Amino acid sequence: MKVLRDRILSDGTSLEGVILKVDRFINHQMDPYLMKQVAIEFIRRFSDLHVNKILTVEASGIAPSIMLGYLMELPVVFAKKRHPSTMKEAYIATVHSFTKQSDTQLIISREYLTPDDHVLFIDDFLAYGNAGKAIIELCQQAGATVEGMGFIIEKEMLHGRELLQSLGITRIESLAIVDSLENNEIHIKEDQ
């Protein structure tokens, strides 16, 4: 996706420890027009799937998921990182955050994820695959089916795709694939 690739190269920053900082347009300050373009591309790539719900993780996956849900006219459910006192019955999975170097529980109410759900998971980054793995666990607990996973940016060198494929996910789409951040330089694969 050329517009995304160009934006990463112009406004993204590579930091030590394979960190790609895109908070200028994706995960702190957001560009709604870019989010719309991202959603349209996800619709194009997943048009053959039959889904009835979009799942994501708070907070950075919410913006692209909401835009996608709006355009597809589907509900969006985000896994919470804190268990609200108003949520009585929930599915819970643990995810390790590479950026924060800590474990967090992801929580989805049993009311909003059921065996009837065929879900599309959307997130900002695919790195080690930990968030995707936790979503798979939550869906398994609910008896829901993960039909596909979409990521705005994939850090290919961290092998998250391989983890998700080993867990049975066959449809993974990444809109920009970073194959190297060596020497704090961003290298993105050309569109496939």
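Worth saying up front: this structure is predicted, and the values here are computed from it rather than measured.
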Atom [atom1] in [X], atom [atom2] in [Y]: separation rounded to 0.5 Å?
X	Y	atom1	atom2	result
Ser60	Phe125	OG	CZ	8.5 Å
Phe46	Met149	CZ	CE	9.5 Å
Gln140	Glu137	CD	CD	7.0 Å
Leu163	Asn130	CG	CG	7.0 Å
Leu71	Met35	CG	CE	12.5 Å
Lys2	Glu41	NZ	CD	14.0 Å

Kindly indicate whether the side chain of [X], heavy atoms from C-beta on, has any atom under 4.5 Å from the side chain of [Y].
X	Y	value
Tyr91	Ile107	no
Phe42	Ile122	yes
Val119	Val51	no
Asn184	Glu16	yes
Val57	Leu106	yes
Asp11	Val22	no
Ile153	Ile8	yes
Cys139	Leu55	yes

Single-linkage hydrophobic cluster [X]~[Y], side-chain heavy atoms < 4.5 angstrom:
X	Y	value
Ile186	Phe151	no
Ile152	Leu158	yes
Ile54	Ile108	no

Looking at [X], I want to see if its [atom1] is surrounded by more than 12 non-hydrogen atoms of other residues, nucleotides or ligands under 6.0 Å.
X	atom1	value
Tyr112	OH	no
Lys53	NZ	yes
Lys21	NZ	no
Gln165	CD	yes

Could you tell me whether the side chain of [X] and the main chain of [Y] form a donor-acceptor pair under 3.5 Å?
X	Y	result
Thr56	Phe78	no
Thr145	Glu147	no
Asp117	Ala144	no
Gln141	Ile92	yes
Lys133	Leu164	no
His28	Ile26	no
Ser174	Ala176	no

**Q.** His96-Asp103 side chain donor-acceptor pair, cut-off 3.5 Å
**A.**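 Yes.
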Q.
What I want to check is whether the side chains of Asp23 and Gln29 have a donor and an acceptor closer together than 3.5 Å.
A.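 Looking only at side-chain atoms, Gln29 and Asp23 do not form any donor-acceptor pair under 3.5 Å.
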Q: List the steps and the verdict of side-chain contact (heavy atoms from CB on, under 4.5 Å) for Leu120 and Leu68.
A: CA-CA 10 Å; Leu120 177 58; Leu68 183 60; 4.0 Å; yes
Q) Which residues pass the salt bridge (Lys or Arg N to Asp or Glu O under 4.0 Å) test with Arg171, sequence neighbours left out? A)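 Partners of Arg171 under the salt bridge (Lys or Arg N to Asp or Glu O under 4.0 Å) test: Asp48, Glu173.
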Q: Could you walk me through whether Arg24 and Asp31 pass salt bridge (charged side-chain N to carboxylate O under 4.0 Å, His left out), step by step?
A: CA-CA 8 Å; Arg24 171 170 247 161; Asp31 179 339; over 6 Å; no
(Q) Quick test of your reading of the model: are Glu156 and Arg161 salt-bridged, counting only N-O distances below 4.0 Å? (A)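 Arg161 and Glu156: not salt-bridged.
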Q. Can Arg5 and Glu190 be counted as an ion pair, charged N to O under 4.0 angstrom?
A.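 Salt bridge between Arg5 and Glu190, a charged N being under 4.0 Å from a carboxylate O: yes.
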Q.
Before you tell me yes or no, could you show the steps for Ile188 and Ser180 under side-chain contact (heavy atoms from CB on, under 4.5 Å), namely the whole-Å CA-CA distance, both residues' side-chain angles and the distance that decides it to 0.1 Å?
A. CA-CA 7 Å; Ile188 302 175; Ser180 173; over 6 Å; no
Q.
Please determine whether side-chain contact (heavy atoms from CB on, under 4.5 Å) holds for the pair Met1 and Gln37, giving the CA-CA distance in whole Å, both sets of side-chain angles, and the decisive distance to 0.1 Å.
A. CA-CA 9 Å; Met1 187 176 167; Gln37 291 174 297; 3.7 Å; yes
Q) Going through the checks in order, is the side-chain contact (heavy atoms from CB on, under 4.5 Å) test met by Lys155 and Leu20? A) CA-CA 9 Å; Lys155 295 180 192 174; Leu20 176 58; 4.1 Å; yes
